[in-house]
Amino acid sequence: MTDNSFNDEQQRYLRGVTAGLHLARGVPGMTGLTGGKRLRPDDFHAQARIRAEAAGGELCGQEKAKADLNPNDMWDEMAGLAARGEYPKGDMVFLMKSNGLFYVAPNQDSYMCRLRMPGGIFSAHQFRGVADLAEQFGGGYTHVTTRANLQIREIGAAHSLDVLMGLQDIGILNRGAGGDNIRNITGSPLAGIDPQELIDVTPYCRAMHHHILNHRELNGLPRKFNIAFDGAGRISALEGTNDVGFAAVLPKGDGPLPRRPYFRLLLGGITGHQDFARDTGVMLKPEECVAVAHAVLRVFLSSGDRTDRDKARLKYVLDRWGFEKFMREVQKQLPFTLRRYPLARCETRAPVEKSGHVGIHDQAQRGKRYVGVVVPVGRLTVAQMHLLADLADRYGDARLRTTVWQNLLLGDIAKADVDSVVKAIVGAGLHVEASPARAGMVACTGSFGCKFANAETKGNAMTLVEHLEKTLELDEPMNIHVTGCPNSCAQHYIGDIGLLGCKVDDPDAADPEEADQVDGFHVFVGGGYEDEQGIARELAASVAASRLPVYIEQLMGAYMDRRHKGERFVAFARRHEISELRELIAERSEAAARAQAAAEIPADAEPPIADDPDTAAADETNAA
């Protein structure tokens, strides 16, 4: 009898029996047969795969690829591709992501290289080095990302290892920068210079970064994993959007804990799936965070779904088990007892400043300023990078701090030098001051360089910003997040306005039945983070990109007309039902159409004469 004689259920049963036999024969760590043998890094993942099959599941293709070739062991394969001037195919495309190399065809027939830099803080030397690599082997520019990181794009097939070696030469280690790994560790961008922070998170981001690089078993997880440290400063690290978030808090003075800063442990954030990380009730000393993160990762790598990629994130383990069971398993991995403490007995977090990442601000050090540089949708030329590195060396602390808002900060600027720094920044085609729309604009790569994107994002984002600046005088900080696909790299669900790329029929086509597909966006409103935390609601579906600027103008105009005194857009959006917001937009659109029509009437045209004054008055009232 052949395998083809068995139905699907029988074949799943046989796979489970086979996996069970592997267990019984003493796969490392699975039975008492191995004695006290220390597990090798790969054994943890082998165990998890065998358990999945023993339960009747079938490993997804990515899990099979990782089992056949560990991405940490593929230098020779990458070197062979580079020597032949070839790009990867099949599973190799996925496996190379673990080294930060993304083959982004068909959008660009080249590699994108994603970096790792804990807390997003680069030395001026590293920043120049990245610029030089982008000039020599890439497209002559970089992108600042939504994880406070940098990307080099347009890398040719022959130069993949040139870039990786060049990065290592300047102290940037890319292992795990993509694929099923722990991505770049993010932290408060003003760490160490923020006047309101409770904890300087720099050493903890750095310790977590190196811990990951030196624990090989933390590679090859069921799916990607994000960790962030927030020091409670004026600029949020968006820790609530991460799988693991460490949020600095201060216990109130009337409690049993000493009045010193701790971190709260948050778990399960993935806003692309409409979920924020939730507080676990656990209060950690800063020096305990790395050990606890390792314990969380150990539980996740053994229990995460390796059969269904859509359900492989930490959130779904938490949904399946509940937080209490998960935390019991975490506790088993630790040599100390987790400290439970009510969040209500902690001081409220100081408010974040939505525009704190742009402009000139005082920092904690007396007489020093930091300068937030506006980088339009995150794109920096090599020349701009060199200039910024020179400014950091000459006037600042020789560091460049990237942010999740796709811009960067220069710190430790003496008050007397601020004007010189600003003049140089503006001379390079960048800005320090920006409109609320421009300062809060975030856009992922989009169809320019990502095969998953349904729409071009950065260009449409800038068109929208320029339109709003011409037509409205916004006076409150605004976050507009433009993402190309449901993976939501730009986190559209947490923006005041979130835009999700899609394809729509061209509304300007002469024949609607023959219309081409063009860029469009679904529009979401009312998202927020920290004290405004919430998931945005869908306001409109499939708005063509060509019509989007006017649509958003009408939405923002309705807000400015109807808001309460001092009311921010997020509060305005949340106090209205979606149907009410749609009505407000429709009213403004009708009024705009009438105004446009009136403006097009020739100046010498005779005004219309009403037969009945009462009817004319009624029409005027209805129009108003």
Side-chain angles (χ1 to χ4, degrees), residues 120-122 124 127 131 141-151 188-190 193-194 234-236 238 352-363 369-392 395-396 399-413 417-446 457-470 472-482 490-491 495-497 499:
I121 301 177
F122 292 78
F127 210 71
Y141 62 93
T142 62
H143 283 165
V144 184
T145 78
T146 55
R147 284 201 67 76
N149 201 354
L150 291 175
Q151 292 178 354
S188 301
L190 293 176
I193 65 174
D194 194 309
R234 62 168 51 147
I235 305 176
S236 172
L238 295 184
V352 298
E353 294 185 23
K354 277 191 171 181
S355 57
H357 60 286
V358 298
I360 301 162
H361 303 266
D362 292 338
Q363 62 183 59
R369 306 287 188 274
Y370 75 85
V371 177
V373 182
V374 180
V375 181
V377 290
R379 183 180 171 116
L380 283 170
T381 67
V382 164
Q384 289 169 335
M385 293 179 72
H386 274 284
L387 172 92
L388 291 168
D390 291 344
L391 293 175
Y395 297 107
R399 295 178 178 182
L400 297 103
R401 301 161 178 266
T402 54
T403 83
V404 297
W405 311 109
Q406 295 183 295
N407 74 320
L408 55 85
L409 315 170
L410 301 175
D412 266 6
I413 310 295
D417 292 329
V418 169
D419 287 345
S420 296
V421 170
V422 171
K423 182 178 179 180
I425 290 169
V426 173
L430 300 171
H431 303 279
V432 171
E433 301 296 339
S435 69
R438 188 177 294 263
M441 176 62 75
V442 174
C444 73
T445 301
T457 53
K458 292 182 182 292
N460 283 319
M462 293 312 300
T463 298
L464 173 58
V465 163
E466 291 163 3
H467 180 86
L468 294 178
E469 287 175 339
K470 291 176 183 177
L472 297 173
E473 293 186 8
L474 297 175
D475 52 8
E476 288 287 343
M478 285 288 301
N479 288 331
I480 303 176
H481 294 234
V482 187
Q491 304 192 91
D496 290 290
I497 297 174
L499 303 174

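Using modelled atom types, one side-chain atom of Ser236 and one backbone atom of Leu238 make a donor-acceptor pair closer than 3.5 Å. Listed for the Thr457 side chain is a donor-acceptor partner under 3.5 Å among the backbone atoms of Cys444. A donor-acceptor contact shorter than 3.5 Å links the side chain of His481 to the backbone of Ala490.
Inter-residue side-chain proximity for Pro189 and His357 is flagged as unmet; no heavy-atom pair is nearer than 4.5 Å. Between Phe122 and Leu388 there is no side-chain heavy-atom pair separated by less than 4.5 Å. Side-chain atoms of Val375 and Gln406, non-hydrogen and from C-beta on, never get closer than 4.5 Å to each other. Taking the side chain as every heavy atom from C-beta outward, Val374 and Val432 never approach each other to under 4.5 Å. Proximity of Ile425 to Leu410: side-chain heavy atoms (C-beta onward) are separated by under 4.5 Å at one or more points. Between Arg379 and Lys458, every side-chain heavy-atom pair lies at or beyond the 4.5 Å cut-off. Contact of the Val358 side chain with the Arg438 side chain is not registered, since no non-hydrogen atoms from C-beta on lie closer than 4.5 Å. Proximity of Val465 to Val377: side-chain heavy atoms (C-beta onward) are nowhere separated by under 4.5 Å.
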Run Tyr141 and Gln151 through side chain to side chain contact (heavy atoms under 4.5 Å, CB included) and show every step you take. CA-CA 9 Å; Tyr141 62 93; Gln151 292 178 354; over 6 Å; no
Just do the side chain to side chain contact (heavy atoms under 4.5 Å, CB included) check on Leu430 and Leu387 with the steps written out, would you? CA-CA 11 Å; Leu430 300 171; Leu387 172 92; 5.8 Å; no
Check step by step if side chain to side chain contact (heavy atoms under 4.5 Å, CB included) holds for Leu409 and Ile235. CA-CA 11 Å; Leu409 315 170; Ile235 305 176; 4.2 Å; yes
May I have the step-by-step check of side chain to side chain contact (heavy atoms under 4.5 Å, CB included) for Asp194 and Gln363, ending in yes or no? CA-CA 6 Å; Asp194 194 309; Gln363 62 183 59; over 6 Å; no
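For the atom pair NE2 (His386) and OG1 (Thr381), the distance works out to 9.5 Å, reported to the nearest 0.5 Å. Distance CD/Glu476 to OG/Ser355: 9.5 Å, rounded to 0.5 Å. Note that OG1 of Thr142 and CE of Met385 are 4.0 Å apart. Values are rounded to the nearest 0.5 Å. Rounded to the nearest 0.5 angstrom, Phe127 CZ and Leu400 CG are separated by 5.0 Å.
In this structure, Met441 and Val482 approach most closely via the heavy-atom pair SD-CG2, 3.7 Å. Minimum interatomic distance between Glu469 and Ser435 (heavy atoms only, all atoms of both residues): OE2-OG, 2.7 Å. The two atoms that bring Pro477 and Pro436 nearest to each other are CA-CB, 4.1 Å, heavy atoms only. The shortest heavy-atom contact between Leu468 and Ala437 is CD1-CB, 4.2 Å. Nearest heavy atom pair, residue Ile480 against residue Leu464, reads CG2-CD2, 4.2 Å.
Of the residues listed (Ile413, Leu408, Leu391), the one engaging Val371 in a side-chain contact (heavy atoms from CB on, under 4.5 Å) is Ile413, and it is the only one.
Residue Arg399 qualifies as open at atom CZ: its count of foreign heavy atoms under 6.0 Å is 12 or below.
Using cut-offs of 30° and 60° for the angle between ring planes, the Tyr370 and His361 rings count as parallel.
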